[in-house]
S.K.: 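Before I ask anything, here is the structure I am working with.
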4 protein chains.
Amino acid sequence: MGAVKTKRMPRAVREQQMLDAAVRTFGRRGYMAASMDEIAELAGVSKPLVYLYLNSKEDLFTACIRREAHALTAAVRSGVQPDTPADRQLWDGLRAFFTHTAQHPDGWAVLHLQARTHGDAFAAEVTAMREEIVAFVTQLILAAARAAHRDPDFPEHEIAGLAEALVGAAESLADWANATPDVTARQAAATLMNFAWAGLGNLMNSDPWIPPVS
Amino acid sequence: MGAVKTKRMPRAVREQQMLDAAVRTFGRRGYMAASMDEIAELAGVSKPLVYLYLNSKEDLFTACIRREAHALTAAVRSGVQPDTPADRQLWDGLRAFFTHTAQHPDGWAVLHLQARTHGDAFAAEVTAMREEIVAFVTQLILAAARAAHRDPDFPEHEIAGLAEALVGAAESLADWANATPDVTARQAAATLMNFAWAGLGNLMNSDPWIPPVS
Amino acid sequence: MGAVKTKRMPRAVREQQMLDAAVRTFGRRGYMAASMDEIAELAGVSKPLVYLYLNSKEDLFTACIRREAHALTAAVRSGVQPDTPADRQLWDGLRAFFTHTAQHPDGWAVLHLQARTHGDAFAAEVTAMREEIVAFVTQLILAAARAAHRDPDFPEHEIAGLAEALVGAAESLADWANATPDVTARQAAATLMNFAWAGLGNLMNSDPWIPPVS
Amino acid sequence: MGAVKTKRMPRAVREQQMLDAAVRTFGRRGYMAASMDEIAELAGVSKPLVYLYLNSKEDLFTACIRREAHALTAAVRSGVQPDTPADRQLWDGLRAFFTHTAQHPDGWAVLHLQARTHGDAFAAEVTAMREEIVAFVTQLILAAARAAHRDPDFPEHEIAGLAEALVGAAESLADWANATPDVTARQAAATLMNFAWAGLGNLMNSDPWIPPVS
DNA sequence: TATGAATGAGAGTTCATTCAT
DNA sequence: GATGAATGAACTCTCATTCAT
């Protein structure tokens, strides 16, 4: 069931094994329903070792959140090329995002479902990551407005709402894509780009957003 | 602290008191962290009575989900007038939605945060409600396409994605509006309508969606 | 092993049973080595009931200390007649003290050994009782001085030391009497009265303190 | 924090460092609350080394008791000059005793508080030391009686009680002196000499014991 | 001589749940 | 219709102790 029992590993390696087991368990069972016993067994170690290295259930969960948040933002960042048009950056970012969430469903569940529902301390950890992403999207929207040679005539705080809506839609689509068979990351990204960039009104007039060739 | 202790109430009334207490407790503490003790005390009854009426913690939580889901869909339904244009229906529905989630934050937390994070059985309960809403939105999109005298040239399954994106964005905005001071239900609805109907591309060209007067 | 299992007792009765078991266990094993499991079993109840009524191990121990301290001071107080000469009052008090400690060795161990060695919070509980006794003895010494028509020519703070010495000697003798077979409470009291009242110097000169007839 | 980490020390030195750390930890935390981890860290060595040298927690504690008991009796013995009058010997012994307990509060706590509250095995270790002291005091009393040219007319076992009372009073005064600011070892000794030698009755008659000049 | 890696066993505590009245 | 009394089971966490090097 658990990992193969390999004895006497250096601490750093063991810690990663524990975090792997913890992310999987927290993601599937939920923070409270996950027991330290189960995590330890899945990691192939004894419970005291988990406590020795990770300190407490709360600290372990926090470590999971941080690791997964870092992995997700790193994935998105490395998928985007800075000096490309705004819509291209968004398209690349979304594909990286949906690809990562599809490949790490447990990590995504930890971030999106578990961390936000078990206390402010944990929620604050994800909020930090989320704000980074929202800021990235906000800046893309502003860049697009500049590219259209226009100062946006809607107020700053309205842009915050738009970015929030886009990010929220992406988060929901990630869950949806994970739950719906045969929906690829690329399709999810295309759907959202159309929705966000062209808008339903334009889509009705057959004026969709066209993905770049890559 | 809890409800005023009135003895010998009819069962239906007592049950509602219990559900009130349970929704509040589940919404604030989370499903697992909420204790039957706390719920019973908040409801002003003894624990055995809770079990007599609601049977178990799981059943109690399920009853909460159903009641709140029903209340939310009823609120949205009663906000929409069937024989109006699609964008008007969406606008009315969104306003009803954001109004309800703002007025019942605990119920919304139960549906959006708690029910989805504690096992498939509970998640399935919300999924039923969610599918109803997604179906409503899907039908609005199709109606809009018909109104534009066009068969949508993107496949059925693409529409599902669009509806999903819209609903997901709405859910996220509900959390955002609840957490951000001074954001009204109307503002949240306007932001989302602009985003969804006009799209970011059009917004850049100063071609926003215009809310109806009401 | 434990008490006969009698079901459904009123809370007050069960609490006393639990305190009985706790005093015995704490007194014999020590505070830390005593397990809540053992106490519960000895009391003939399940562990959760102990927690329901007494809250925590710390609270349970505190409750033990208070009950035993109260019992001991009550025993001493009721053994002394206020309007008798100082040496008679001391003699009566010591007999009551040694009688009580001999009859409640576990309670005495809780007060004298355990409560003072496991943290300031517990120690403070006994200190309160001890100070009451020291104050009583101090006042006896002053009364004796007045009876000898003399203002004591040693300073206040010296009297504190004398009272402390007398009480400390009594405490040690209580342990000694409990540990030494065939030493009665009366003998212990007589030894200490001779030592304290007449002093070793006088005893050498065959001038002991003579116990009253009673 | 702990001792400076110096590698490869001779065994005897390392052992003393460990005992220093152990006495301090046992004295402050108590036997059970003291953890081998803390002791090892305070000693500046790894835990396995503690086990290699001292074998087990019980053995380590026993070693502490023996070392501190030896140190205390040695201090008292070296303070007393054999061929002096009994009261002078007692006076010198008490001063040495109070001086040592004031200078080694952790060691005194180990002997007086901890060793007696955690099982007969440990208690027996202190009992050995205590009996040595009681025997010394008993012999002083007998010497005083002989000096008064009288065979004491109270039985052997009464003398045991007197010695016990004196030693018990000294032990209590040691705690009291440590806990009361500005009480010197000399003052504690004087208080106890007055109390023991002259007795309260004589003190009332202004016939105290007079300390020798030194 | 010395230690980083690891654990079996058991502690205090809490909870959903039921019985007897 | 309603409750005070009671518990089995599980949880987080800690500790003395050892192995392999």
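Hydrogens, waters and symmetry mates are skipped; everything else that's a heavy atom, side chains included, is used. The sequence lines fix the lettering, A, B, ..., with proteins before strands; numbering per chain opens at 1.
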S.K.: Rounded to the nearest Å, what distance is computed from the CZ atom of residue B:Arg29 to the P atom of nucleotide E:dA16?
M.R.: 12 Å
S.K.: With respect to the side chain of C:Lys47, which nucleotide from E:dG12, F:dA16, E:dA16 is positioned closest?
M.R.: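 It is E:dG12.
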S.K.: Send over the distance from C:Met32 CE to E:dG10 C1', rounded to a whole Å.
M.R.: 13 Å
S.K.: Taking atom P of E:dG8 as reference, at what distance in whole Å does atom CE of A:Met36 sit?
M.R.: 17 Å
S.K.: If you write DNA chain F from 5' to 3' in dot-bracket form, with Watson-Crick or G-U pairs under 3.5 Å, [ ] for crossing pairs and | for pairs with another strand, what do you get?
M.R.: .||||||||||||||||||||
S.K.: Here's a test for you: under side chain to side chain contact (heavy atoms under 4.5 Å, CB included), which of D:Val23, D:Val50, D:Ile39 qualifies with D:Met18?
M.R.: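 With D:Met18 as partner, D:Val23, D:Val50, D:Ile39 yield a single side chain to side chain contact (heavy atoms under 4.5 Å, CB included), made by D:Val50.
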S.K.: Which nucleotide wins on minimum distance to the side chain of D:Ser46, given the candidates F:dT17, E:dT3, E:dG12?
M.R.: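 Within the option list, the nearest is E:dT3.
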S.K.: Quick one: CD on A:Gln114 to CG on A:Asp106, what's the gap to the nearest 0.5 Å?
M.R.: 10.5 Å
S.K.: Just how far, in rounded Å, is P of F:dT14 from CD of D:Glu38?
M.R.: 14 Å
S.K.: Considering heavy-atom distances to DNA chain E, does A:Leu52 or B:Ala34 have its closest nucleotide positioned more toward the 5' end?
M.R.: A:Leu52
S.K.: Mind listing the closest non-hydrogen atom pair of A:Ser46 and A:Ala40 along with its distance?
M.R.: C-CB, 4.0 Å
S.K.: Check every strand shown and say whether C:Arg11 touches a base, only sugar-phosphate, or nothing at a heavy-atom separation below 4.0 Å.
M.R.: sugar-phosphate
S.K.: Rounded to the nearest Å, what distance is computed from the CG atom of residue B:Asp59 to the C1' atom of nucleotide E:dT17?
M.R.: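 Roughly 13 Å, once rounded to whole Å.
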S.K.: If you only use heavy atoms from C-beta on, which nucleotide in F:dA5, F:dA2, F:dT14 is closest to the side chain of A:Tyr51?
M.R.: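 Taking heavy atoms from C-beta onward, the closest nucleotide is F:dT14.
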S.K.: Check whether any side-chain heavy atom of D:Leu60 sits under 4.5 Å from a side-chain heavy atom of D:Asn55, and report yes or no.
M.R.: no
S.K.: Would you say B:Tyr53 places a side-chain N or O within less than 4.0 Å of OP1 or OP2 belonging to F:dA2?
M.R.: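 Yes, B:Tyr53 has a side-chain N/O under 4.0 Å of OP1/OP2 on F:dA2.
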S.K.: Could you tell me whether the phosphate oxygens of E:dA2, OP1 or OP2, come under 4.0 Å of any side-chain nitrogen or oxygen in D:Arg14?
M.R.: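 For E:dA2, OP1 or OP2 has a side-chain N or O of D:Arg14 closer than 4.0 Å.
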S.K.: Taking for each residue the nucleotide of DNA chain E with the nearest heavy atom, is it A:Pro10 or B:Asp37 whose nucleotide lies nearer the 5' end?
M.R.: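 The 5'-side residue here is A:Pro10.
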S.K.: What is the minimum heavy-atom distance between B:Ala63 and B:Leu54, and which atoms define it?
M.R.: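 Shortest heavy-atom contact: CB-CD1, 4.3 Å.
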S.K.: Give the ring-plane orientation class for B:Phe26 versus B:Tyr31, where under 30° counts as parallel, over 60° as perpendicular and anything between as tilted.
M.R.: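 B:Phe26 and B:Tyr31: tilted rings.
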S.K.: From NZ of D:Lys57 over to C1' of E:dA9, roughly how many Å is that when rounded to an integer?
M.R.: 15 Å
S.K.: Using whole Å, report how far CG of C:Leu49 lies from P of F:dT7.
M.R.: 6 Å
S.K.: Should the pair D:Arg67-D:Asp20 be classified as a salt bridge under the 4.0 Å nitrogen-to-oxygen rule?
M.R.: yes
S.K.: Write down the distance between CG (D:Leu60) and P (F:dC15), rounded to a whole number of angstrom.
M.R.: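 Going from CG in D:Leu60 over to P in F:dC15 covers 16 Å.
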S.K.: If you check every side-chain atom of D:Pro48, which of E:dG8, F:dC19, F:dT3 has the closest atom?
M.R.: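 The closest nucleotide is F:dC19.
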S.K.: Can you check whether any acceptor in the base of F:dA20 is under 3.5 Å from a donor in the side chain of A:Arg8, or vice versa?
M.R.: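 Side chain to base: no pair present.
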S.K.: Between C:Ala12 and A:Ala33, which has a closest nucleotide on DNA chain F that is more 5'?
M.R.: C:Ala12
S.K.: Ring centres of D:His118 and C:His118 under 6.0 Å apart?
M.R.: yes
